[in-house]
Amino acid sequence: MAIEDRNIVLHVNDVHKTFGGLHALADIDLAVEEGKTHAIIGPNGAGKSTLLNVIVGRLAPTKGAVVFDGDVLTGKKPYEINQMGVARVFQTPEIFPELSVLHNVMAPAFAKRDGAFKLNMWQLLRGEKDVQDEAEHILEDVGLIARRDDHAGSLSRGDKRRMELAMCLIQHPRLLLLDEPTAGMSRHDTNTTIELLQKIKQRGMTKVIIEHDMHVVFSLADKISVLAGGRIISEGAPDEVRNDPKVQVAYLGGAEE
Amino acid sequence: MFGLDAKDTRFLLIVMFLTLATPVLLQPFPETSSLAQFNAGYPDLMQRFAIFGIFAIGFNILFGLTGYLSFGHAAFLGVGSYSVVWMYKLLDYNVLPGLILAVVVSGLFAVVIGFISLRRSGIYFSILTLAFAQMSYNLAYSVLTPITNGETGLQVYSNDPQVLLTEAGPHLPHLFGLVMSDATRVRLGDWVFTFNFGYYFTAIIAIIVFYISLRIFRSPFGMILRAIKSNRTRLDYAGINTKPYMLAAFVVSGMYAGLAGGLLAAMDPLAGAERMQWTASGEVVLMTILGGAGTLLGPVLGAAFIKYFENIFSKINEGVLHTWFGWLPDGLEDFIITIVHPFVGEGWHLTLGLLFVLVVVFLPGGMIEGLNRIAGLFNKKSEKSEEAQDSKSDARESQPAE
């Protein structure tokens with residue numbers, strides 16, 4: 001491990017999280033390698049979303065710390081964490097429903113270019129050709145260019161997810177966090193989303209993906225951590241994890257099947 | 001032109017034309033006609049249209065774009081008025097130093113009130129702004145009497161310093177010698193039009209600040225304000241620190257309100273605490289919603305509509321009704337007047353209230369939505385013939401109708 005350390009983008013160090021008497025997370029150690037897709041799987045209530053919320057600063061860990069690229073994320077505000085290069089896709093797409101699809105994608109681009117705040121009242125949006133061109137380019141990538149002037153609220157759920165992904169991609173994040181990116185999607189939408197994520201993978205973006213759907217996980221992940229009862233019970237390449245008897249008991253061969 | 005695209009330029013030119021032609025457009029009935037009392041083209045009322053238009057344009061930058069409802073903007077209106085009257089008292093009757101001071105001081109007030117109030121959102125934000133405005137109002141009546149002259153209201157006295165005032169200089173509000181109340185009356189047949197310097201002064205300022213608001217609406221800043229209204233959480237996770245954006249919007253709209261308050265005192269050299277009362281704050285909310293929150297022109301229409309009602313509709317008393325319905329048989333005449341009377345004259349609030357309810361229920365987008373729907377009806381008919389030419393140019397320019 002020591003040799004690989006310089007390639008580790010995200011370190012979750014001995015994180016514990018308790019809610020009252022409930023141990024939601026215990027002894028969590030994660031190391032996410034640069035350019036890799038790291039999946040976190042586990043049955044319902046295993047603590048996956050809690051872990052993601054601790055990483056992005058929405059929840060403060062009871063103990064331990066999250067380190068991104070040498071900086072401690074713990075205690076930072078969401079916008080500060082984003083400015084450091086961490087973008088997030090939510091379980092339920094978080095978008096700007098009243099804005100056009102194009103503006104949805106342009107807003108995060110301004111955050112990337114201008115920082116967390118810029119008093120740019122006198123510039124005109126239509127003068128921002130570079131940002132608009134890039135947004136259009138990314139909308140082409142995700143297959144939404146034809147809807148660029150529609151209100152984002154009118155998109156289907158699958159399209160909203162793709163747009164949210166575009167909102168993250170335009171920032172060229174160093175780390176992309178995906179919380180159940182295919183939850184509640186039809187098979188068709190799931191497959192197009194997987195294709196899209198595979199396309200991103202080729203660009204070498206580091207991703208942490210939380211997922212329920214095994215089909216999605218095994219088609220994308222380089223490494224899988226299995227969470228059950230707030231602990232990591234297994235970790236490794238997809239094939240190792242698939243064959244781990246502990247995992248089969250806790251998850252794959254459990255009551256759910 | 002002015003960095004705007006063709007559509008916005010056309011829009012701005014129309015607004016400029018309407019504003020400058022107001023003294024003619026609002027005087028549609030000849031003096032001799034019994035409808036002459038519906039004419040609104042007299043200086044005092046037109047000035048109010050422009051001033052409250054400015055107030056509402058500024059309020060709309062905060063409320064229309066970000067959705068944050070301030071119930072305390074009248075405080076800035078009052079601050080603006082006091083600033084201008086103080087400059088009369090200390091320097092002379094030139095309105096310019098006072099107006100600059102009004103914008104600066106209301107901006108400073110807005111920084112403080114906004115900084116504290118914006119720590120909360122939703123109803124708590126509204127209540128905090130309301131609390132600040134009521135506090136200002138009560139302070140103006142009590143401990144701040146040395147500055148505000150309490151209940152009497154602030155005005156210029158003969159023993160005030162007025163260090164710049166010369167014997168020859170105008171003893172009325174003016175701009176470098178051009179007196180606000182100067183007016184030229186033009187008679188054309190039975191029509192009489194009044195062109196007043198004060199109105200044109202406020203109208204030109206209104207056009208300038210309207211242009212500024214148009215620029216803000218079309219800027220990345222404006223887009224981010226809309227995004228705050230739409231989904232603040234997403235913006236946080238997209239790397240935007242929303243607080244300074246909100247504060248900037250609050251301060252800009254506070255400065256607009258201060259300018260409007262200053263102009264009130266520029267037209268009439270008085271300032272009273274009642275300008276800061278919560279009813280005045282509520283009025284600008286009504287104007288914005290009635291006209292169409294978040295649209296560029298809506299708040300101005302709303303402001304004009306409410307001021308028209310307040311000044312014209314309220315003048316229809318029982319005597320006027322008798323002249324209208326005099327041709328009916330006596331019994332019927334009295335009956336109709338009994339029914340109509342509560343809605344006009346002093347009852348104008350009732351009619352305005354009912355209209356407000358109707359607009360909010362049936363036209364949530366305000367009067368602008370109504371106008372757009374009417375325009376839509378006409379467009380449908382001519383659509384087929386124009387479709388071929390228009391589709392290409394409109395596809396890229398299309399924006400929500402404003």
Side-chain angles (χ1 to χ4, degrees), chain A residues 56-58 77-90 92-100 102-128 131-132 148-153 163-164 167-168 170-171 173 177 179, chain B residues 1-9 61 64-67 209 211-249 251-253 255-256 293-294 365 391 394-400:
Chain A
V56 295
R58 199 178 223 180
K77 296 199 173 76
Y79 75 85
E80 291 169 330
I81 291 176
N82 176 279
Q83 286 290 342
M84 292 166 69
V86 182
R88 173 176 184 181
V89 167
F90 287 78
T92 330
E94 288 276 356
I95 57 166
F96 308 118
E98 287 85 8
L99 268 55
S100 70
L102 183 67
H103 285 184
N104 264 270
V105 182
M106 283 172 79
F110 285 122
K112 170 77 177 177
R113 192 192 69 184
D114 299 336
F117 174 67
K118 189 180 180 197
L119 198 61
N120 42 4
M121 291 182 187
W122 205 248
Q123 278 154 273
L124 285 164
L125 266 182
R126 68 192 201 95
E128 303 282 3
V131 173
Q132 187 174 329
R148 48 163 267 173
D149 292 324
D150 294 344
H151 278 214
M163 188 189 74
E164 199 191 17
M167 291 163 76
C168 292
I170 200 165
Q171 295 191 316
L177 303 170
D179 191 355
Chain B
M1 200 162 75
F2 307 118
L4 302 172
D5 61 28
K7 202 179 156 197
D8 281 342
T9 307
I61 291 172
L65 288 181
T66 72
V209 299
Y211 171 65
I212 294 174
S213 117
L214 182 63
R215 291 288 298 234
I216 292 177
F217 267 61
R218 300 284 183 256
S219 69
F221 177 81
M223 187 183 80
I224 285 170
L225 294 185
R226 283 181 224 258
I228 288 177
K229 183 180 184 178
S230 192
N231 186 347
R232 198 170 176 169
T233 310
R234 177 25 106 189
L235 219 44
D236 279 339
Y237 284 93
I240 297 279
N241 185 4
T242 52
K243 275 214 177 114
Y245 279 98
M246 287 299 309
L247 186 61
V251 171
V252 168
S253 79
M255 288 160 85
Y256 269 74
S391 57
D394 276 3
R396 287 188 76 84
E397 302 283 348
S398 70
Q399 261 159 0

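Here is how names work: the chains are called A, B, and so on, in the same order as the sequence lines, proteins then strands, and each is numbered from 1. Excluded from the calculations below are hydrogen atoms, water molecules and symmetry mates; all remaining heavy atoms, backbone and side chain alike, are included.
Here the side chains of A/Glu98 and B/Lys229 are not in contact, with every heavy-atom distance at 4.5 Å or above. Between B/Asp236 and A/Lys77 there is no side-chain heavy-atom pair separated by less than 4.5 Å. Annotation: side chain of A/Phe96 is in contact with side chain of B/Leu235 (closest heavy-atom distance under 4.5 Å). Within the 4.5 Å cutoff, side-chain heavy atoms of A/Leu124 are placed close to those of B/Arg218.
Of the possible polar contacts, one joining the B/Arg234 side chain to the A/Glu94 backbone as a donor-acceptor pair under 3.5 Å is found. Formation of a donor-acceptor pair under 3.5 Å by the B/Asn241 side chain with backbone atoms of A/Phe117 is not found in this model. For A/Arg126 (side chain) and B/Leu4 (main-chain N/O), a donor-acceptor pair under 3.5 Å exists by modelled atom type.
For the ring pair (Phe, Tyr, Trp, His ring centres under 6.0 Å) test, no residue two or more places apart in sequence or in another chain qualifies with A/Phe110. B/Tyr237 meets the ring pair (Phe, Tyr, Trp, His ring centres under 6.0 Å) test with A/Phe90; sequence neighbours excluded.
Closest approach of B/Ala238 and A/Pro108 over heavy atoms only: CB-CB, 4.2 Å. What you find for A/Leu99 and B/Ala227 is that their closest heavy atoms are CD2-CB, 4.0 Å. The nearest pair of heavy atoms linking B/Ala248 to A/Leu119 is CB-CD1, 3.6 Å.
Distance check: B/Phe217 CZ to A/Met121 CE gives 12.5 Å after rounding to the nearest 0.5 Å. To the nearest 0.5 Å, atoms NE2 (A/His151) and OG (B/Ser230) are separated by 9.5 Å.
Side-chain polar atoms of B/Ser219 and A/Gln123 form no donor-acceptor pair below 3.5 angstrom.
For B/Leu225, no part lies near chain A; criterion is any non-hydrogen pair under 4.5 Å. In this structure, no portion of A/Met84 lies under 4.5 Å from any heavy atom of chain B. Residue contact with chain B, scored on non-hydrogen atoms closer than 4.5 Å, involves the backbone of A/Ile95 exclusively. Residue contact with chain B, scored on non-hydrogen atoms closer than 4.5 Å, involves the side chain of A/Met167 exclusively.
If you tally non-hydrogen atom pairs under 4.5 Å between each of A/Glu128, A/Lys118, A/Glu80 and chain B, the highest count goes to A/Lys118. For chain A, the option among B/Thr233, B/Ile216, B/Val252 with the highest count of heavy-atom pairs below 4.5 Å is B/Ile216. Ranked by heavy-atom pairs under 4.5 Å with chain B, the first of A/Cys168, A/Gly153, A/Ala116 is A/Ala116.
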